[in-house]
Amino acid sequence: MDLLSTIKNSNMEHFYPAGWNLKKIDECCSHGPEEVAVAQPFWNEGFRPVMCENADTFAMMMGHEIALTIKEAKDHGEKLALIFPVGPMGMYQWAVYFLKEWNVDCRHVTGFNMDEWSDEEGNTLDPKAKGSFQNAMMDAFYGPLGSLTVPENQRNFATKEFLPHYAEKIAEIKQAGGKLVTVYGIGRVFHIAFWEPHFAADYKDEAEWKQQTHRFGAKLHPLTIEQNALHSFKSRTTQVPAFANTIGPGLFLQSDKMIGGCDGTYSRGLIWQGMSFWVALRYGPDMWVPASFVPTLPGKLFYIKELGGPLEAECN
């Protein structure tokens with residue numbers, strides 16, 4: 001007895017995105033930790049998962065990868081477009097640490113925050129509000145870098161003012177020989193940024209879906225609201241906006257490299273991101289599962305060991 005056998009006539013029957021294959025999702029989660037690195041036919045040869053023992057090593061290793069990417073671009077005389085998430089966050093203190101240790105400035109970097117809370121019309125949260133992603137980036141990365149930081153006029157946030165120009169700015173950087181690197185987490189509903197799975201219903205096919213660079217006032221899935229209530233709003237669901245501005249696959253699928261992180265563990269064996277991690281690895285490219293495209297691009301997906309499973313019931 002499980003969800004698959006009891007979902008009919010339940011409150012969950014029409015809750016999940018229509019294009020999800022729940023049986024396939026369950027199959028993705030049936031593998032053990034020794035199978036995490038087994039390459040699938042749709043994986044890019046430059047993609048690999050990187051296991052981290054715990055949250056501390058995760059933050060350090062992912063932060064090192066971000067800092068090293070910035071340093072290598074500097075060493076090669078290249079411009080670098082970096083798409084940044086707010087979640088995960090622990091890696092930023094380490095990225096700052098390494099850049100300061102190496103004395104590498106970020107004048108060659110243009111930053112693009114991938115999303116921001118909004119209302120239905122795309123009007124965003126006050127940038128100084130504690131829950132805003134702009135405020136979080138200032139506190140975690142741009143501010144602590146001090147004199148080495150990304151120039152203010154090269155910081156872009158997902159507002160009505162900046163978001164429509166992301167595509168052209170990134171195109172200019174790439175045309176000048178620069179690279180695009182997307183740093184990301186994976187949501188409970190398998191989103192990248194706030195590009196939700198149910199958006200797939202708005203497009204005639206995958207080709208049209210892949211062209212979408214951004215969306216204002218994106219209607220968030222209830223599971224996304226609850227994920228953020230737990231992780232950003234101290235469980236206070238009433239404080240979480242129901243909409244957000246976000247980049248789309250038309251941007252993140254252009255990445256020359258992706259730096260991903262799954263740190264979704266709590267204490268005493270509780271985890272929330274095991275299913276998201278395994279589905280990203282095994283589902284195969286599908287516009288109803290945005291994170292399923294991650295392995296098709298070069299890059300590293302850092303993950304905390306526990307997320308590799310086995311994902312089996314354990315009463316807590």
Side-chain angles (χ1 to χ4, degrees), residues 2-4 7 15-51 83 85 114 180-213 221 223-224 227 246-262 264 271-304 307-312:
D2 57 15
L3 179 67
L4 296 176
I7 193 169
F15 177 73
Y16 298 109
W20 278 11
N21 182 332
L22 294 178
K23 185 175 181 181
K24 186 174 181 179
I25 288 171
D26 188 58
E27 166 60 26
C28 291
C29 298
S30 68
H31 301 279
E34 70 283 354
E35 298 179 80
V36 166
V38 177
Q40 303 301 295
F42 54 86
W43 284 18
N44 186 288
E45 62 180 14
F47 169 80
R48 67 183 177 95
V50 179
M51 192 267 286
I83 295 178
M114 59 172 48
L180 169 64
V181 175
T182 298
V183 184
Y184 67 95
I186 297 174
R188 176 69 177 160
V189 293
F190 320 131
H191 67 213
I192 300 295
F194 276 137
W195 194 264
E196 301 283 64
H198 54 270
F199 298 169
D202 298 337
Y203 305 105
K204 62 182 180 181
D205 54 27
E206 187 177 289
E208 184 182 10
W209 178 87
K210 285 182 173 181
Q211 294 173 4
Q212 307 309 308
T213 59
H221 193 277
L223 284 176
T224 296
Q227 176 193 327
T246 181
I247 65 163
L251 293 186
F252 64 77
L253 292 181
Q254 291 185 45
S255 300
D256 295 288
K257 181 172 83 170
M258 296 187 76
I259 302 172
C262 289
I271 65 175
W272 69 267
Q273 209 175 16
M275 183 173 76
S276 307
F277 173 64
W278 272 107
V279 168
L281 293 178
R282 293 293 182 117
Y283 200 89
D286 189 309
M287 64 179 177
W288 285 92
V289 181
S292 64
F293 287 88
V294 162
T296 69
L297 296 166
K300 297 176 182 176
L301 175 53
F302 295 88
Y303 71 99
I304 293 179
L307 299 179
L311 302 185
E312 298 173 349

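Numbering starts at 1 and runs along the sequence shown. Everything quoted here is computed from the prediction, not taken from an experiment.
- Distance alone, capped at 3.5 Å, is enough to place a donor-acceptor pair between the Glu208 side chain and the Lys204 backbone.
- Annotation: the span from Ser276 atom OG to Ile25 atom CD1 amounts to 9.5 Å, rounded to 0.5 Å.
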Just do the side chain to side chain contact (heavy atoms under 4.5 Å, CB included) check on Ser255 and Val181 with the steps written out, would you?
CA-CA 5 Å; Ser255 300; Val181 175; over 6 Å; no
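- The line from SG of Cys29 to CE of Met275 is 6.0 Å long, rounded to the nearest 0.5 Å.
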For a side chain to side chain contact (heavy atoms under 4.5 Å, CB included) check, start with the C-alpha distance between Ile83 and Val183, then their side-chain angles and the critical distance, and finish with the verdict.
CA-CA 6 Å; Ile83 295 178; Val183 184; over 6 Å; no
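- In terms of heavy-atom proximity, Phe293 sits nearest to Pro285 at CE2-CB, 3.7 Å.
- Pairing each heavy atom of Pro310 with each of Pro33, the nearest pair is N-CD, 3.9 Å.
- Distance check, rounded to the nearest 0.5 Å: OH of Tyr184 to CE of Met114 gives 9.5 Å.
- By the 4.5 Å heavy-atom criterion applied to side chains, Phe15 and Leu223 are counted as neighbours.
- Here the CD1 atom belonging to Ile304 is positioned 10.0 Å from the CD1 atom belonging to Ile271, to the nearest 0.5 angstrom.
- Here the side chains of Lys210 and Met287 are not in contact, with every heavy-atom distance at 4.5 Å or above.
- A 4.5 Å side-chain heavy-atom check between Phe302 and Ile259 finds at least one atom pair inside the cut-off.
- Evaluation of the side-chain contact (heavy atoms from CB on, under 4.5 Å) rule for Leu297 yields Leu253, Met258 as partners, not counting sequence neighbours.
- At least one side-chain heavy atom of Phe277 sits less than 4.5 Å from a side-chain heavy atom of Val36.
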For a quick test of your reading: what N or O donor-acceptor pairs under 3.5 Å do the side chains of residues 189-200 make, sequence neighbours left out?
unit_1	atom_1	unit_2	atom_2	d
His191	ND1	Glu196	OE1	2.6
His191	NE2	Ala193	O	3.3
Glu196	OE1	Thr224	OG1	3.3
Glu196	OE2	His221	N	2.8
Glu196	OE2	Thr224	OG1	2.7
His198	NE2	Lys219	O	2.8

For residues 37-50, please give each side-chain donor-acceptor pair under 3.5 Å, one per line with the distance, not counting sequence neighbours.
unit_1	atom_1	unit_2	atom_2	d
Gln40	NE2	Val38	O	2.9
Trp43	NE1	Leu281	O	3.0
Asn44	OD1	Gly46	N	2.6
Asn44	ND2	Thr296	O	3.4

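- For residues 248-261, every residue pair satisfying the salt bridge (Lys or Arg N to Asp or Glu O under 4.0 Å) rule, not counting sequence neighbours, is listed here: Glu65-Lys257, Lys174-Asp256.
- Sorted by first then second residue, the salt bridge (Lys or Arg N to Asp or Glu O under 4.0 Å) pairs that include residues 20-32, not counting sequence neighbours, number zero.
- Judged as a salt bridge (charged side-chain N to carboxylate O under 4.0 Å, His left out), and not counting sequence neighbours, Asp286 has no contacts.
- No donor-acceptor pair closer than 3.5 Å links the side chain of Gln254 to the backbone N or O of Leu251.
- Between Gln273 and Arg188, every side-chain heavy-atom pair lies at or beyond the 4.5 Å cut-off.
- You'll find the side chain of Trp209 stays beyond 4.5 Å of the side chain of Asp202, heavy atoms only.
- Side-chain contact between Thr213 and Ile247 is absent, with no heavy atoms from C-beta onward closer than 4.5 Å.
- At least one donor-acceptor pair under 3.5 Å links the side chain of Tyr283 to the backbone N or O of Asn21.
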